[in-house]
Every structure is written in C-alpha cells, then in structure tokens.
Amino acid sequence: MTSRRKKIITGVFSAVLLTAVTSAYLFSTVGAEVADAPAENPAVSASGEKISSETANLTIAQGPFGTPNGESGMSKSMRQYNGDSVGWIKIPGTKVNNPLVQCEDNDFYLSIGFNHQPYRAGTVFMDYRNLFGFGQENWSDNILLYGHNMANNEMFGSLRRYRQDLTYYQDNQFIELDSNYEHATYVICALPITYGGADADWRYWDMEEFKDEEEFNTYMKYARDQSVTNITNVDVKYGDKLLTLSTCYSDEDNSRFLVIARKLREGETAETFTKTSEVSENS
C-alpha cells in the first residue's frame, strides 16, 4: 500500500486535546454522533457548559471545511480530534451530515465512533483504497463511502427514503462532499439494489479506479439497469468523477442499496437539472 493511501491512527484523545481545540461546536457535533458510546461526552465547552447539538450541526454545515489553498481551521481541528478524518459529507434535505474517516482497514469503523469508542452505528468511512487528497484531479475515479442503515436514520439510515418514495429523489438530488482541502458537489444518477456477497458478479466495491472507458460504461450500465428509479435527466460519460454510497438493504440476502452520483462539471449548477418530469420508476 502506498503511503498516501495509508492513514495512521493517531489515538490523540487526551484532556489536553480537548482543551487545545477552540471550537466547542465541533465537539458538540461529534458528541451528537457518539451519544450512546461509553466515552465522556465531548459536547461540553471548556467551561463545562453544554452546547446545543442542533445549533452545532448548523454551524459546522455552514462553515468552510477545506479550501483549495489548503486546510481550513475546521478540517485541522477535526484531524486533531481524529487523525483519520478526511472530510465531510452532507445531502441537503436528508439526515446525512457526517464527518468522513479513512484508515488502512475497512472493518475498523463498522462499530467504532468518531471518537474511537465502541458505537453500534459506527462512522461513515471511505474505502481504504480511495485517493482523496489535495487537488480533485488526483481523487479516485469513484469515491466509495460506507455507512450503516440505522433505523433511527443515523449514518446512511435516511438513504432508504430514496427507494421508498420517488419524490424524495426529486427533492434531494445533490450531495455535498468536502475533503480536507476543497469542496465538490455531485448529482445522483443511479439508485441500484445489488448483491453484496464476496461471490458477486458486479463487485462495485472494487471499482475505485476504471482502467478504461469500457469498464466505466459497464459499471454505469449495471448501476442504471438495477436502479429503483429511471433517472434520465442526468447524463454520465467516461471521465466523470463518481461517488458511491453503500449501505445494507437486507441482511437476509446480503444485498446492498447504493446511491451513485457524478460530480458536477464545470458550468453546471442545480438549475441545470429538472426535478420531476424525467424521473420514473425503473421497469
């Protein structure tokens, strides 16, 4: 594994760190995510005053995470709290509004919270093979994120709405993705349900990089053929950067529900895409 793909777990969670980071709002948000964990609640300012997690989430979401010129204060603070922190994901209109982590093993954060304490909801994490550093031109062809399908809508639990209600996609088409350095917006282009076993024919989790146009087109054809909705207003072509969110669909048959999106191209905005007339159930 190359050094830029490998993340080192720092384990810096001492009281010294808690007093060194100045943003109480940061810890309020993290505290809201790990409220069930047996760790001390970080949603407390240095003075001991409890901070509203709702206010904290809004503050984090509206503030800059990373900048094209380097790390912002926010992303540096996140990395001080957890050295595996690589960014933030938000889907406006949904409950998805989470820090992202990446380490050398895809099993670690399945049941570990952002504060490295046991937590059944885990943490939203990026595949260890993905490249997600400085400069979007150096990002992997397909960024792959995993999150549990929690009944209370934590992590990727609220993604189930995309397969339950067609209008949910129409109202929530865009995904905001921040690295430690810059921001990107993606538009959803497919919502497939697929088999997630090791013997699957379509191994979406091994598609971080596409070797050629044929492999890219094969990936997208399968994704769109298996999509629960027929999304025709978003074209996808070789060279587009993709984002794939993966969560459980059914434990019984080991299936997965995916939300696949492509990065907006230069000059595209939300107004580029229609919402209602060109979205229908896939036959």
Side-chain angles (χ1 to χ4, degrees), residues 1-10 26 29-30 33 60-61 63-91 96-110 112 114 116 122-148 155-156 159 174-189 203-211 215-216 219 236 239-247 258-266:
M1 184 181 303
T2 60
S3 60
R4 62 175 177 171
R5 290 186 179 182
K6 183 175 181 180
K7 303 292 178 181
I8 305 300
I9 299 173
T10 62
L26 167 62
T29 300
V30 174
E33 282 204 25
I60 293 284
F65 192 84
T67 69
N69 296 322
E71 286 189 86
S72 67
M74 181 59 68
S75 55
K76 288 180 180 178
S77 295
M78 294 288 284
R79 287 202 308 110
Q80 280 186 299
Y81 187 71
N82 183 332
D84 296 329
S85 177
V86 294
W88 197 280
I89 183 172
K90 180 181 180 182
I91 306 180
V96 176
N97 189 16
N98 301 79
L100 299 177
V101 292
Q102 182 188 40
C103 67
E104 59 187 359
D105 134 35
N106 278 351
D107 292 328
F108 183 77
Y109 282 101
L110 287 172
I112 296 293
F114 189 81
H116 277 205
T123 309
V124 176
F125 64 94
M126 181 177 294
D127 192 280
Y128 74 93
R129 293 164 291 188
N130 276 143
L131 303 180
F132 195 57
F134 186 82
Q136 293 183 26
E137 68 279 3
N138 298 315
W139 291 6
S140 289
D141 297 335
N142 184 16
I143 300 293
L144 181 58
L145 306 180
Y146 301 92
H148 285 307
M155 306 309 157
F156 283 170
L159 295 184
F174 302 98
I175 302 175
E176 306 295 330
L177 183 69
D178 290 285
S179 74
N180 283 333
Y181 307 100
E182 53 196 308
H183 172 84
T185 301
Y186 293 74
V187 59
I188 296 171
C189 57
R203 296 172 61 88
Y204 69 89
W205 57 89
D206 283 335
M207 295 292 180
E208 290 81 17
E209 311 293 344
F210 300 105
K211 63 182 180 182
E215 188 172 69
F216 177 90
Y219 179 87
V236 185
D240 285 333
K241 294 286 190 179
L242 300 181
L243 173 66
T244 299
L245 314 184
S246 173
T247 193
L258 309 181
V259 174
I260 300 177
R262 73 154 172 85
K263 192 164 77 72
L264 293 190
R265 302 167 190 153
E266 186 175 354

Is Glu208 reaching over with its side chain to a backbone N or O of Asp127, donor-acceptor style, under 3.5 angstrom? no
Closest non-hydrogen atoms of Ser85 and Met78, given as atom of the first, atom of the second and distance, are OG-CB, 3.5 Å
Donor-acceptor pair, Asn106 side chain versus Tyr128 backbone, under 3.5 Å? yes
For the residue pair Phe210 and Phe216, categorise the inter-ring angle as parallel (less than 30°), tilted (30 to 60°) or perpendicular (more than 60°). perpendicular
Close aromatic pair by centroid cut-off 6.0 Å: Tyr146 and Tyr109: no
Drop me the distance from Lys241's NZ to Arg265's CZ, to the nearest 0.5 angstrom. 14.0 Å
Asn142 side chain reached by Ile260 side chain, heavy atoms, under 4.5 Å: no
Does the salt bridge (Lys or Arg N to Asp or Glu O under 4.0 Å) test come out yes or no for Asp206 and Arg129, once each step is laid out? CA-CA 9 Å; Asp206 283 335; Arg129 293 164 291 188; 2.8 Å; yes
So, taking the atom named OG1 in Thr185 and the one named CD in Glu176, what distance separates them when rounded to the nearest 0.5 Å? 3.5 Å
So, the side chain of Asp84 versus the backbone of Cys103: is there a donor-acceptor pair under 3.5 Å, distance only? no
Of all heavy-atom pairs linking Met207 and Arg203, the shortest is CG-O, 3.7 Å
Could you check Thr123, Asn180, Asp178, Val86 and say which one makes a side-chain contact (heavy atoms from CB on, under 4.5 Å) with Leu100? Val86
Spacing of Gln80 atom CD and Ser77 atom OG [to the nearest 0.5 Å]: 5.5 Å
So, Asn97 versus Trp88: side-chain donor-acceptor pair below 3.5 Å or not? yes
Within-4.5 Å side-chain heavy-atom neighbours: Val96 and Ile175: no
State whether the number of non-hydrogen atoms from other residues, nucleotides or ligands found under 6.0 Å of Glu266 atom CD is greater than 12. no
So, Thr244 and Tyr204: side-chain donor and acceptor under 3.5 Å apart, yes or no? no
Does any non-hydrogen side-chain atom of Ile89 lie less than 4.5 Å from one of Leu245? yes
How long is the gap from CD on Gln102 to CZ on Phe132, to the nearest 0.5 Å? 9.0 Å
Using 0.5 Å steps for rounding, measure from the CG atom of Asn98 to the CZ atom of Phe156. 7.0 Å
Under 3.5 Å, side chain of Ser140 to main-chain N/O of Leu131, donor-acceptor pair present? yes
Got a donor-acceptor contact below 3.5 angstrom from the Ser179 side chain to the Phe134 backbone? no
Side chain to side chain contact (heavy atoms under 4.5 Å, CB included) between Leu110 and Phe125, worked out: CA-CA 8 Å; Leu110 287 172; Phe125 64 94; 3.8 Å; yes
Do Glu182 side-chain atoms and Gly135 backbone N/O form a donor-acceptor pair below 3.5 Å? yes
Are side-chain heavy atoms of Leu243 and Lys263 found at a separation under 4.5 Å? no
For Met155 and Gly122, work out which heavy atoms get closest and say how close. CE-O, 3.3 Å
